[in-house]
Amino acid sequence: MVADVPAMQQLIAESAEFGLMLHKSLAWLYENLRGFRVVEDAQQIVVGCCGLSVVWADLAEVVSLAVAKDARGKGLGRVLVQACLDDAHALGVRRVMTLTYERAFFEKLGFATVDRGRLPMKVWADCVHCPKHDACDETAMMRTFDDLPVAPGPPAGGSPAFMPPPVQLTATIKKTLT
């Protein structure tokens, strides 16, 4: 619900302050609200949120997983990510990726570490806003639904799922500007 957005932003901001994720503006959250799930406590206060962002026909990303400090360790993160995975599967998206510091958590949900070079350029769009842009220490992880068909190949000229990682693009831009 739109009424949840300020609480979602607060949860995300708390995690972002510790360098666990990027801040998200109210405008971004309102624009992407349909891809988010929330968990409320008994008093109907939002204590967790997580989003699914469809990147391409065969790829979606789990984004902005945040759980209130007092609500951690109760399985809410698992519930939120599983809801996003269920959404991806229902949409027919075969691969779901994430960038995370919580490798063990995502491994329990069937994700495996992947080479960053396998991730599309579109995924890296937010990275230019990150203070760790040039020295990212997040782990890239992917979960594949083997029961879903492989998406058709890229159109002529390629697709975001087949573009090089941003480091190469950043180097090209720097070279051009200097």
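The CE atom of M141 lies 11.0 Å from the CG atom of L99; values are rounded to the nearest 0.5 Å. If you take CG on L29 and OG on S64, they are separated by 7.0 Å, rounding to the nearest 0.5 Å. Taking CE of M21 as the reference point, atom CD of E138 lies at 9.0 Å (rounded to 0.5 Å). Rounding to the nearest 0.5 Å places SG of C84 at 8.0 Å from CG of L65. Here the NE2-CH2 distance, from H23 to W28, works out to 14.0 Å after rounding to the nearest 0.5 Å. Interatomic distance, CG of L52 versus CG of L91, reported as 7.0 Å (0.5 Å rounding).
You'll find the side chain of F111 stays beyond 4.5 Å of the side chain of T144, heavy atoms only. Residues M97 and V114 have side chains not in contact (no heavy-atom distance under 4.5 Å, counting atoms from C-beta outward).
In the hydrophobic cluster analysis, where Ile, Leu, Val, Met, Phe, Trp and Tyr join through side-chain heavy atoms closer than 4.5 angstrom, I12 is grouped together with Y30. Follow the hydrophobic side-chain contacts under 4.5 Å out from L26 and you reach V38 in the same cluster. If you chain together hydrophobic residues whose side chains sit under 4.5 Å apart, V2 and F36 fall into the same group.
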If you apply the rule side chain to side chain contact (heavy atoms under 4.5 Å, CB included), what do you find for V96 with V62, and how did you get there? CA-CA 7 Å; V96 180; V62 172; 3.6 Å; yes

Might you work through the side chain to side chain contact (heavy atoms under 4.5 Å, CB included) test for E14 and L11, ending with a clear yes or no? CA-CA 5 Å; E14 289 169 6; L11 286 174; 4.2 Å; yes

(message) Could you go through V79 and R37, starting from their C-alpha distance and side-chain angles, then the distance that decides it, and tell me whether this counts as side chain to side chain contact (heavy atoms under 4.5 Å, CB included)?
(response) CA-CA 10 Å; V79 167; R37 297 295 188 115; over 6 Å; no

**Request:** For side chain to side chain contact (heavy atoms under 4.5 Å, CB included), just list the numbers for Y101 and T139, CA-CA rounded to whole Å, side-chain angles, deciding distance to a tenth of an Å, and then say yes or no.
**Result:** CA-CA 6 Å; Y101 293 109; T139 301; over 6 Å; no

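Ion pairing of R94 with D58 is absent here, as no side-chain N (NZ or NE/NH1/NH2) approaches a carboxylate O to less than 4.0 Å.
Considering every non-hydrogen atom in both F105 and V81, the closest pair reads CE2-CG2, 3.9 Å. Here the closest heavy-atom approach between residue V46 and residue A7 is recorded as CB-CB, 3.8 Å. Counting all heavy atoms, side chain and backbone alike, M8 lies closest to C49 at CG-CB, 4.0 Å. The shortest heavy-atom contact between L148 and G92 is CD1-C, 3.8 Å. Among all heavy-atom pairs drawn from L80 and G48, the shortest one is CD1-C, 3.7 Å.
At most 12 non-hydrogen atoms from other residues, nucleotides or ligands lie less than 6.0 angstrom from CD of E102.
Looking at residues two or more places apart in sequence or on another chain, you find a side-chain contact (heavy atoms from CB on, under 4.5 Å) between Q44 and E40.
Between the side chain of R95 and the backbone N or O of R143, no donor-acceptor pair lies under 3.5 Å. A donor-acceptor pair is defined here as one N or O able to donate and one able to accept, closer than 3.5 Å; no such pair exists between the side chain of R78 and the backbone of L109. The main-chain N or O of T100 is never found under 3.5 Å from a side-chain atom of T98 such that the two would form a donor-acceptor pair.
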